[in-house]
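In what follows, a single structure is set out as structure tokens and then discussed.
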Amino acid sequence: MTTAPITMVEGKAIALPGHDIDTDRIIPARFLKSISFAGLGNHVFADDRAAAGGDHPFDRPEHQGARILVVNRNFGCGSSREHAPRSLQRWGIAAVIGESFAEIFASNCLALGMPCLRGETGTVEDIQQLVQEQPGVHFCLTLEAPTLRGLDRHWPLTMENGPQTMLLNGCWDATGLLLSHDDRLRRTALQLPYLNDFALSN
Amino acid sequence: MSTGTLYDKVWELHRVAELPGGQTQLFIGLHLIHEVTSPQAFAMLDERGLGVRHPERTVATVDHIVPTTDQGRPLADPLAEAMFSALEKNCADHGLRLYGLDSGQQGIVHVIAPELGLSQPGMTVACGDSHTSTHGAFGAIAFGIGTTQVRDVLASQSLAMDKLKVRRVSIHGSLAPGVFAKDVALHVIRRLGVKSGVGYAYEFAGSCIAAMAMEERMTLCNMAIEAGARCGYVNPDQVCFDYLRNRPYAPTGASWQRAVTWWRSLASDGDAVYDDEVAMDAGEIVPTVTWGITPGQAMAVDEVVPTPDQLPPGERPLAQEAYRYMDLQPGQPIAGTPVDVCFIGSCTNGRLSDLRDAALVAKGRHVADGMKAFVVPGSQQVARAAEAEGLDVVFAQAGFEWRRPGCSMCLAMNPDRLEGRQISASSSNRNFKGRQGSSAGRTLLMSPAMVAAAAVSGVVTDVRTMLRTAKNTETEPVE
Ligand code: SF4
């Protein structure tokens with residue numbers, strides 16, 4: 001099971017300033033009441049958008065069609081719900097740039113082939129300011145030497161090695177890889193006392 | 001890089017292979033599932049024609065969407081019923097154990113796995129739920145995962161993971177009366193911040209932790225994720241072994257001794273190297289309450305809401321947002337804040353000792369006029385044990401509703417929810433905007449005893465004053 005390599009993401013960007021934006025805000029729990037992800041629809045940031053009365057970045061006409069989300073620190077903290085990156089993806093987001101990400105959120109993004117790249121505080125704030133002033137700018141985000149380019153400018157970014165390699169090689173859908181090591185999995189299981197010496201009795 | 005810690009040892013034992021890109025394939029010893037984050041994983045499995053690799057290592061229950069009043073089937077909410085039925089079908093199709101409503105063991109996944117003796121030292125535990133960190137109380141490496149990773153565990157009993165760094169958080173000394181594990185958790189998060197744990201596993205150590213019962217350790221490890229740490233753990237010791245002995249899935253007979261010997265060997269070595277260490281004094285911890293919209297926006301109950309200039313510049317914008325959302329003014333005392341709803345329950349504080357602590361405050365008192373107060377045991381087993389010692393009656397006489405087990409108003413995926421701008425005193429773990437079911441609803445996190453104190457007085461109250469009153473009037477303690 002191979003997936004397509006992801007080497008770059010192109011398009012407009014959208015800035016969502018603020019630290020500690022949690023997954024309950026990205027997708028409120030009431031939209032999780034479904035046995036499929038299809039029900040997520042366009043509910044990303046539903047409550048924040050309602051509270052902003054149409055003035056939320058995700059509702060503003062100039063940001064429609066944006067592909068690169070630019071956030072600050074600890075984005076995606078809280079609940080493990082994969083519905084959060086999926087609802088962003090359904091809205092159109094294909095990559096996220098931020099100062100830092102909550103871990104479960106980042107690994108959920110990776111599982112969906114959505115790169116999370118990190119930038120220094122100054123870098124991220126600079127990009128956010130540019131996006132707010134000139135929302136129409138077309139950006140190009142490359143993963144190999146992680147960089148964002150736009151308007152003849154460029155911003156250096158970083159990425160963890162593991163996710164970077166997996167995205168670049170198209171092996172970010174881990175299932176196939178995990179299944180290919182069945183022998184080694186068996187060997188590991190054989191040396192775990194709780195699976196052999198005192199396994200579950202029934 | 002850490003060496004010789006429990007985390008290092010358990011990681012090494014479960015390492016299957018190194019993956020291209022530097023991630024590790026890690027064997028998962030115990031996989032817990034529930035109705036919210038698993039149905040899509042089973043669908044993905046079916047799409048690829050894959051089966052469950054180790055059906056005996058996955059255990060299911062239903063907790064998030066179950067009503068806490070009428071639990072008759074079909075559930076009144078058709079969406080909830082559909083999720084429950086899907087879980088039943090998936091478990092039946094793949095031969096997985098499901099602790100359903102008629103099992104006598106149903107409850108919040110993080111409450112029942114320890115009760116059943118499923119969570120044990122030295123295991124890797126994964127669940128599609130961020131509070132999986134709870135099981136670290138047993139000296140397990142336990143962490144939350146997303147739905148695609150649930151699929152991976154079902155298919156391969158393993159995950160692609162990056163190794164975490166290890167920070168030892170030592171808490172020395174003893175807790176004053178009226179100060180509970182929940183206060184320790186909120187204090188740690190307040191001191192270290194909600195982002196500090198990103199990239200780390202937290203090892204909780206020190207004399208304060210050693211003196212804690214397993215239920216208290218679970219409360220603390222449960223909240224590790226609120227500090228950003230995907231897993232938190234405590235080294236296994238006699239307290240842990242005593243808890244596990246005779247549990248349904250605990251080893252028995254000769255295996256028990258072998259298990260204990262192995263478990264002991266897993267504890268972090270005396271000369272273990274940590275990536276970072278911090279220490280705190282338990283004597284400094286007082287009853288703690290959140291005032292804002294993250295668990296890190298917490299304060300001592302006898303302080304005033306921090307003013308912007310008392311906060312680091314980076315935290316001020318979020319504080320401004322919190323003042324507005326919570327309708328609290330900087331500089332105002334939190335004690336005396338009127339509360340509309342009181343909720344005692346959740347995987348943080350829905351265990352028997354939590355209900356006892358709350359009942360001690362509720363006994364002989366009555367909830368304030370107009371207050372909605374309810375108690376949701378974390379599991380059917382907790383409910384039975386509480387009823388056997390009369391806690392349900394204590395609560396009922398004090399005007400609290402006694403409900404059936406589930407997640408309830410921790411995240412309000414069932415009918416229990418805040419309405420409009422209601423403000424709750426809650427023993428749960430998250431005070432995020434909209435968390436308790438109303439997009440304008442407000443949450444003050446605190447210990448179960450503090451929730452009970454708020455319920456009977458109608459306002460946020462320092463529970464220490466009530467414990468003193470209880471003693472002076474010689475109110476009979478609830479045993
Ligand atoms: S009680 Fe709350 S935090 Fe715990 S599993 Fe249920 S919803 Fe999640």
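Worth knowing before you read on, the calculation uses all heavy atoms, side chains too, and leaves out hydrogens, waters and symmetry mates. Lettering of chains follows the sequences in order, A, B, ..., and the numbering in each one begins at 1.
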Working to the nearest 0.5 angstrom, can you tell me the gap between Thr142(A) OG1 and Arg149(A) CZ?
5.0 Å
Examine whether an atom of Ile225(B) lies under 4.5 Å from a heavy atom of chain A, and if so say whether it belongs to the side chain, the backbone or both; otherwise answer neither.
side chain
Hey, which of Thr23(A), Leu168(A), Asn169(A), Leu32(A) has the most heavy atom pairs under 4.5 Å with chain B?
Leu32(A)
Can you tell which part of Asn429(B) gets under 4.5 Å to a heavy atom of chain A, answering side chain, backbone, both or neither?
neither
Between Phe58(A) and His63(A) (judged by ring centroids, cut-off 6.0 Å), do the two rings come close enough to count as a pair?
no
Applying a strict 4.5 Å limit to non-hydrogen atoms, the region of Arg430(B) in contact with chain A is side chain
Please check if atom CD in Gln64(A) has more than 12 non-hydrogen atoms from other residues, nucleotides or ligands closer than 6.0 Å.
yes
Quick one: of Gly144(B), Pro295(B), Gly22(B), who has the most non-hydrogen atom pairs under 4.5 Å with chain A?
Gly144(B)
Options Ser156(B), Ala86(B), Ala412(B), Gly228(B), ranked by heavy-atom pairs under 4.5 Å with chain A, top entry
Ser156(B)
Which atoms of Arg184(A) are under 4.5 Å from chain B, going by heavy atoms: the side chain, the backbone, both sets, or neither?
both
Where does His64(B) contact chain A at under 4.5 Å (heavy atoms): side chain, backbone, both or neither?
neither
Contacting region of Phe27(B) [heavy-atom separation from chain A under 4.5 Å]:
side chain
Any donor-acceptor N or O pair under 3.5 Å, side chains Thr24(B), Glu18(B)
yes
Which atoms of Glu315(B) come close to chain A, meaning under 4.5 Å heavy atom to heavy atom: side chain ones, backbone ones, both, or neither?
neither
Largest heavy-atom contact set with chain A, pairs under 4.5 Å, which of Gln23(B), Glu35(B), Arg258(B), Glu226(B)
Arg258(B)
Answer yes or no: does atom CD1 of Ile35(A) have more than 12 heavy-atom neighbours from other residues, nucleotides or ligands under 6.0 Å?
no
Checking side chain to side chain contact (heavy atoms under 4.5 Å, CB included) for the pair His34(B)/Leu87(B): CA distance, chi angles, key distance, verdict?
CA-CA 7 Å; His34(B) 60 78; Leu87(B) 183 70; 5.7 Å; no
Heavy-atom contact with chain A under 4.5 Å, split by part of Leu411(B)
both
Please determine whether a side-chain nitrogen of the Lys or Arg among Arg53(B) and Asp182(A) lies less than 4.0 Å from a carboxylate oxygen of the Asp or Glu.
yes
Taking the ring centre of each residue, are Phe37(A) and His83(A) less than 6.0 Å apart?
yes
Measure Thr124(B) against the heavy atoms of chain A and call it side chain, backbone, both or neither at under 4.5 Å.
both
Can you tell which part of Asn161(A) gets under 4.5 Å to a heavy atom of chain B, answering side chain, backbone, both or neither?
both
Would Lys195(B) and Asp20(A) satisfy side chain to side chain contact (heavy atoms under 4.5 Å, CB included), going step by step from the backbone distance to the final call?
CA-CA 8 Å; Lys195(B) 318 181 227 315; Asp20(A) 307 318; 2.9 Å; yes
Let me know if Ser34(A) has heavy atoms under 4.5 Å from chain B in its side chain, its backbone, both or neither.
backbone
Atom group of Arg187(A) that falls short of 4.5 Å from chain B, counting heavy atoms
neither
Can you tell whether the side chains of Lys433(B) and Glu321(B) come within less than 4.0 Å, N to carboxylate O?
yes
Quick check on the interface: out of Asp24(A), Asp47(A), Thr165(A), who has the most heavy-atom pairs with chain B under 4.5 Å?
Asp24(A)
Side chain / backbone / both / neither for Leu192(A) at chain B, heavy atoms under 4.5 Å:
side chain
Residue among Met166(A), His19(A), Arg30(A), Arg25(A) with most heavy-atom pairs under 4.5 Å to chain B:
Arg25(A)
Any idea which of Gly162(A), Ala46(A), Ala174(A), Pro85(A) has the most non-hydrogen atom pairs under 4.5 angstrom with chain B?
Gly162(A)
For Glu81(B), does the CD atom have more than 12 heavy-atom neighbours from other residues, nucleotides or ligands under 6.0 Å away?
yes
Is Pro317(B) in contact with chain A via its backbone, its side chain, both, or neither, using a 4.5 Å heavy-atom distance?
neither
Worked verdict on Arg81(A) versus Asp22(A) for salt bridge (Lys or Arg N to Asp or Glu O under 4.0 Å)
CA-CA 10 Å; Arg81(A) 60 189 71 166; Asp22(A) 59 77; over 6 Å; no
Chain A heavy atoms under 4.5 Å from Thr294(B): which part of the residue, side chain, backbone, both or neither?
side chain
Under 4.5 Å, counting heavy-atom pairs only, tell me which of Gly437(B), Ala254(B), Gly199(B) racks up the most with chain A.
Gly199(B)
In terms of heavy-atom pairs under 4.5 Å with chain B, the winner among Asn72(A), Asp48(A), Ile104(A) is Ile104(A)
Between Glu103(A) and Ser107(A), do the side chains contain an N or O donor and an N or O acceptor separated by less than 3.5 Å?
no
Among Leu164(B), Val194(B), Leu318(B), Thr37(B), which residue has the highest count of heavy-atom pairs closer than 4.5 Å to chain A?
Val194(B)
Salt bridge check, Arg15(B) against Glu12(B): does any charged N sit closer than 4.0 Å to a carboxylate O?
yes
Arg151(B) portion near chain A, given a 4.5 angstrom heavy-atom threshold:
side chain
Can a side-chain donor-acceptor contact be found between Glu133(A) and Gln129(A) if the only test is distance below 3.5 angstrom?
yes
For a salt bridge (Lys or Arg N to Asp or Glu O under 4.0 Å) check, start with the C-alpha distance between Asp77(B) and Lys33(A), then their side-chain angles and the critical distance, and finish with the verdict.
CA-CA 10 Å; Asp77(B) 176 352; Lys33(A) 264 202 198 167; 2.5 Å; yes
With a 4.5 angstrom heavy-atom cut-off, which part of Leu112(A) approaches chain B: side chain, backbone, both or neither?
side chain
For each of Gln157(B), Gln40(B), Met161(B), tally heavy-atom pairs with chain A at distances under 4.5 Å, and name the one with the top tally.
Gln40(B)
Sort Phe105(A) into side chain, backbone, both or neither according to what part of it lies under 4.5 angstrom from a heavy atom of chain B.
neither
Chain A heavy atoms under 4.5 Å from Tyr325(B): which part of the residue, side chain, backbone, both or neither?
neither
Inter-residue atom distance Ile27(A).CD1 - Arg86(A).CZ, 0.5 Å rounding:
12.5 Å
